[in-house]
Amino acid sequence: MYKVMKGNEVTAYAAMLSSVDVIPAYPITPSTLFPEKISELIANGEMNATFIPTESEHSAISVAIGASASGSRVMTATASQGLAYMHEMLAIASGMRLPIVMAIGNRAISAPLNIWNDQQDSIDERNSGWIQLYAENNQEILDLTIAAFKISENEKVHLPVMICMDAFLLTHTMEAINIPDKKEVTDFIGKNTTNRIILDTEKPATLGSFASPEYYTEFRHQVTVAMEAANSVIFDIFSDFKKRFNRNYDVVEPYRLDDAELIFVSMGAVSGTIKDAVDVLREQGKKAGLLRLVAFRPFPSQQIKKYLSMDVKIAVIDRNVTPGYDGSVLYAELRSILYDSDFKPEIIDFIAGLGGRDMTIDDFIKIYTLAMEMNADSNHIVWEQLKPLGEDVS
Amino acid sequence: MIFNKGATITSTGNSIANETGSWRSMKPVIDYSKCIRCDICWTYCPDIAIDKVDGTSYSAPYSQLKKKKVPKINYTFCKGCGICVNECVSKAIDMIREEI
């Protein structure tokens with residue numbers, strides 16, 4: 001069945017299809033439609049779940065942690081400052097190894113106040129122990145969210161998952177979505193068997209207990225091991241997903257990489273625009289390609305090495321800033337893992353599309369031209385479309 | 001030590017293994033000649049580090065009280081928080097510096 005839906009509605013539908021038990025949420029732009037749609041689905045009798053409107057994002061994630069700890073299947077959604085407000089609870093969720101799925105409407109971080117799209121909010125939480133998957137379109141939001149429940153409930157993983165979708169570009173954009181039958185989804189994810197120790201009055205337990213210096217390191221290491229295991233678990237679950245729903249995903253998506261001279265690297269909705277730019281460039285005989293990261297945590301190091309360890313130029317599209325470091329996060333991490341590869345490609349960081357600034361096909365064609373003109377002596381950190389200081393921008 | 005996933009503990013009563021007495025820098029000491037055996041310190045102790053024991057051999061403000069049980073601080077677990085000192089109605093508990 002096809003339905004035309006906004007990205008936020010898709011996340012709510014995914015929650016319904018995945019038989020989520022508890023949805024604690026506090027609304028924040030651009031994720032507000034999620035709790036709205038959830039309460040509508042419950043009020044209409046289409047969904048059987050407990051919706052808990054909380055007084056803050058901090059409480060929303062705390063309720064999610066409690067509900068997951070007691071064995072429920074849980075989902076919530078937030079963005080930007082809301083995600084930042086959840087920060088201290090995020091590591092508690094992963095440290096207690098709780099399966100939780102959270103939709104992030106990727107939005108810029110204040111100040112200045114800005115409700116539009118970049119990926120600073122979720123990238124800031126890259127050390128929180130949450131798996132992060134970035135969707136390119138609304139169909140992917142649905143598919144990745146459904147898969148996320150299966151990933152996070154996997155015994156080798158037992159980690160919470162963020163489904164990151166770009167603010168407005170996905171959260172508020174309507175697209176035709178192929179919605180699977182609920183039965184198919186239930187068969188795919190399986191029953192919530194709670195294959196873990198939960199809060200149960202019959203079998204009392206302490207979760208996330210005290211760990212003194214003699215023991216703490218080992219628990220942090222376990223989260224890292226689980227994250228590594230997630231890599232292959234995600235691969236298996238995506239393969240199973242393809243068999244059942246005939247849509248193919250991987251932790252990275254290569255696009256027209258054959259004999260490419262310049263490869264864009266990006267995450268999220270902007271990748272769709274880059275694909276169009278690559279098509280235009282290819283028509284002009286210019287050898288461009290794209291490697292899109294679907295998973296950012298766990299970082300798909302092996303796959304990136306496989307595709308990028310060669311004599312090419314790489315243009316990283318970084319939709320985040322890490323002040324005080326030369327270049328942004330995606331650039332830094334990519335460069336770091338390619339350090340010990342056989343071929344070291346020339347990597348250029350384009351800090352672009354911050355706070356909802358539009359990135360068009362023409363912009364990427366310009367980036368291609370600029371990158372191809374660069375040599376080893378050029379400045380490899382480029383602030384795309386940066387207006388000079390003092391210029392009247394009104 | 002078993003490193004259970006998510007730092008989970010499934011058995012009960014294991015806080016007894018965590019001897020918190022070593023955290024103490026100040027030590028509460030009961031002057032039984034002032035203690036009226038009201039058990040308020042026993043009620044308030046957040047670590048259940050005050051026991052009630054037979055009082056016949058302890059001094060008391062007046063002899064009838066010797067029939068009652070007396071509070072006795074368990075220094076293996078007392079962290080020296082001083083709540084008992086604060087709550088004691090007859091000012092019978094003193095906080096003294098811990099000597100090694």
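Any value given below was found using the heavy atoms of this structure, including those in side chains, with hydrogens, waters and symmetry copies removed. Residue numbers start from 1 in every chain, and the chains themselves are labelled A, B, ... in the order their sequence lines are given, proteins ahead of strands. Predicted, not measured: the structure shown is a model, and the values here were computed from it.
Considering all non-hydrogen atoms of both residues, A/Q222 and B/F3 come closest at NE2-O, 2.9 Å.
Taking a 6.0 Å sphere around NZ of B/K66, one finds it holds more than 12 heavy atoms contributed by other residues, nucleotides or ligands.
For the salt bridge (charged side-chain N to carboxylate O under 4.0 Å, His left out) condition, the pairs that include at least one residue of residues 67-91 of chain A, sequence neighbours left out, are A/R73-A/E153.
Applying a 4.5 Å heavy-atom cutoff, the residues of residues 5-37 of chain B that approach chain A are B/K5, B/G6, B/A7, B/T8, B/I9, B/T10, B/T12.
Counting heavy-atom pairs closer than 4.5 Å to chain B, the top-ranked of the candidates A/K203, A/M96, A/H158 is A/H158.
Shown here are the salt bridge (charged side-chain N to carboxylate O under 4.0 Å, His left out) partners of B/K69, two or more places apart in sequence or in another chain: there are none.
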Tell me which donor-acceptor pairs under 3.5 Å the side chains of residues 223-239 of chain A have, and how far apart each pair is, sequence neighbours excluded?
| residue | atom | partner | partner atom | Å |
| --- | --- | --- | --- | --- |
| A/T224 | OG1 | A/R220 | O | 3.2 |
| A/S232 | OG | A/A229 | O | 3.2 |
| A/S239 | OG | A/F235 | O | 2.8 |

